[in-house]
Protein chains: 2
Amino acid sequence: MLDDLKTLVERLKAVSHPIRLRVLALLHSSELSVCQVAEILQVPQSSVSEALRELRRAGFVSERKEGRWVFVSVIPGFEGDPLLKGILMEALRLPEVEADRTRAGMVKGQAIAVVCGKVQAAETKEATRV
Amino acid sequence: MLDDLKTLVERLKAVSHPIRLRVLALLHSSELSVCQVAEILQVPQSSVSEALRELRRAGFVSERKEGRWVFVSVIPGFEGDPLLKGILMEALRLPEVEADRTRAGMVKGQAIAVVCGKVQAAETKEATRV
DNA sequence: TAGACTCATCGGAAATTTTCGAAATACAAA
DNA sequence: TTTGTATTTCGAAAATTTCCGATGAGTCTA
């Protein structure tokens, strides 16, 4: 599966990025839609989409389409991969990642439509929160 | 030791590079001088020096000066680190890395002065080989 | 069909990385 | 001190990456 230097370097590069690493750590424990990830990480949706493209290219995550949503998760059975295991073992201890996972718990408690849709509502919520 | 996202990303970036990864894999099993590494990998010495600077900055390798030589190796006791372990487990299976290690065996069979010194000699050897 | 929504891709400017010869530094031997 | 060798740092052009708003493609719902 992983048989040359270039491929391994590409995989390492894929996780050498704050957003991509946070996404990977998030998906380690749960399947999420793209918009849920964007909401949890508080970054633009296009950034999440690009992060996922790299992680997919590197073979870490896979997607599943359901209606208008795209659910992404770490490729099943891949958690045993020594490289991924080592990376996650470190990542899951980080406070930033822990904060993401806390927020993920809150997001998962709500219906997707509430979290994602309503751009207007989300923006005002954002404005009033601060 | 590793307590924030930025630090982990920096460490991953440090190994996300062909030369740096090859250097790390080389040093995993033996202490070598900079010029030996350059000879084994067949890359300019300044490139090796820069690779080592990054690996040192990321905390993977340490150096030991002995006369005019600088010997580098993976930080002792660090082999147990889960991240490094996962990375090395993958790297050591690659044909490119295996080839490096074979060449390392040959280089280590010679005195350092023979391998390193004599820039002139090394260059002519290079020229005649091709 | 029209309108709302999810997501991927595009544009393209800014920032970062890569590369290696050349110059600088450090040390040793003569 | 002078010469030679090992290593680091510099310079600077080329390549790559990062970032996010805007656009577009596909999907649901009314």
Side-chain angles (χ1 to χ4, degrees), chain A residues 6 9-10 12-23 31-58 61-72 107 111-123, chain B residues 5-6 9-10 12-23 31-58 61-72 107 111-123 126:
Chain A
K6 193 157 167 282
V9 168
E10 289 311 314
L12 289 168
K13 256 191 216 172
V15 292
S16 301
H17 182 284
I19 295 181
R20 297 197 294 261
L21 190 53
R22 288 168 69 198
V23 170
E31 182 188 62
L32 291 169
S33 73
V34 177
C35 63
Q36 284 177 310
V37 174
E39 172 63 22
I40 292 165
L41 303 190
Q42 301 279 294
V43 299
Q45 179 259 323
S46 66
S47 297
V48 172
S49 187
E50 273 160 0
L52 286 168
R53 173 174 10 124
E54 293 307 309
L55 291 174
R56 216 180 302 124
R57 202 200 311 269
V61 309
S62 64
E63 64 176 42
R64 175 177 71 82
K65 291 193 185 181
E66 185 177 321
R68 52 185 152 174
W69 291 298
V70 171
F71 289 94
V72 283
V107 164
I112 287 191
V114 175
V115 175
C116 294
K118 279 107 189 187
V119 176
Q120 215 102 18
E123 270 170 4
Chain B
L5 183 69
K6 193 158 169 282
V9 167
E10 290 312 313
L12 288 169
K13 256 191 217 170
V15 293
S16 302
H17 181 285
I19 295 181
R20 296 197 295 261
L21 190 54
R22 287 169 70 198
V23 170
E31 182 188 63
L32 292 168
S33 72
V34 177
C35 63
Q36 285 178 309
V37 174
E39 172 63 23
I40 293 165
L41 302 191
Q42 300 279 293
V43 298
Q45 203 195 36
S46 66
S47 297
V48 172
S49 186
E50 273 157 1
L52 286 167
R53 175 176 5 125
E54 293 306 311
L55 291 174
R56 217 180 302 123
R57 201 199 313 267
V61 309
S62 64
E63 65 175 42
R64 176 177 70 82
K65 291 192 185 183
E66 184 178 321
R68 50 187 153 168
W69 291 297
V70 171
F71 289 94
V72 283
V107 164
I112 287 192
V114 176
V115 175
C116 294
K118 280 109 191 185
V119 176
Q120 215 101 19
E123 271 169 5
E126 189 64 25

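Lettering follows sequence order; numbering is per chain, from 1. The structure presented is a predicted model; accordingly, all values stated were derived computationally and were not measured.
Dashed line: the shortest gap from a side-chain N or O of B:Arg68 to OP1 or OP2 of D:dT7 is not under 4.0 Å. Proximity of A:Arg56 to the phosphate of C:dC7: no side-chain N or O atom is located under 4.0 Å from OP1 or OP2. Regarding contacts with the backbone of D:dT7, a side-chain N or O of B:Gln45 is found under 4.0 angstrom from either OP1 or OP2. For the pair A:Ser47 and D:dC20, the criterion of a side-chain N or O lying under 4.0 Å from OP1 or OP2 is met. The side chain of A:Arg20 contributes an N or O atom lying less than 4.0 Å from OP1 or OP2 of D:dT18.
Rounded to an integer number of Å, the gap from A:Leu55 CG to D:dT17 P is 15 Å. The distance from atom NZ of A:Lys6 to atom P of C:dT18 is 15 Å, rounded to the nearest whole Å. Atoms CZ (A:Arg57) and P (C:dT9) sit 9 Å apart, rounded to a whole Å. Counting to the nearest Å, the C1' atom of C:dT25 and the CZ atom of B:Arg53 are 15 Å from each other. With rounding to whole Å, B:His17 atom NE2 is found 11 Å from C:dT17 atom P. What separates CZ of A:Phe71 from P of C:dT6 is a distance of 11 Å, to the nearest Å. The CD atom of B:Glu63 sits 17 Å away from the P atom of D:dA6 (whole-angstrom rounding). What separates CG of B:Leu52 from P of D:dT8 is a distance of 7 Å, to the nearest Å.
Using a 4.0 Å heavy-atom cutoff across all strands shown, B:Lys13 reaches sugar-phosphate atoms only and no base atom.
Annotation: side chain of B:Glu54 is not in contact with side chain of B:Glu50 (no heavy-atom distance under 4.5 Å). With a 4.5 Å cut-off on side-chain heavy atoms, B:Leu32 and B:Trp69 do not count as touching.
Distances from the side chain of A:Ser46 to the nucleotides D:dT7, D:dG21, C:dT6 place D:dG21 closest. The side chain of A:Cys116 approaches C:dT6 more closely than any other nucleotide in the set C:dT6, D:dT8, C:dC7.
Map B:Ser33 and A:Gly67 each onto its nearest nucleotide of DNA chain D; the residue landing nearer the 5' end is B:Ser33. Taking the nucleotide of DNA chain D with the nearest heavy atom to each of A:Pro44 and A:Glu66, the more 5' of the two is matched to A:Pro44.
Side-chain atoms of A:Glu50 stay outside donor-acceptor range of the base of C:dC7, with no qualifying N/O pair under 3.5 Å.
The pair B:Arg64-B:Glu66 meets the salt-bridge criterion, with a side-chain N (NZ, NE, NH1 or NH2) lying under 4.0 Å from an Asp/Glu carboxylate O.
Side chain of A:Ser47 to main chain of A:Val43: no donor-acceptor pair is present (N/O by atom type, distance under 3.5 Å, no hydrogens or angles).
Nearest heavy-atom pair, B:Lys13 versus A:Ser16, reported as atom, atom and distance to 0.1 Å: N-OG, 3.3 Å.
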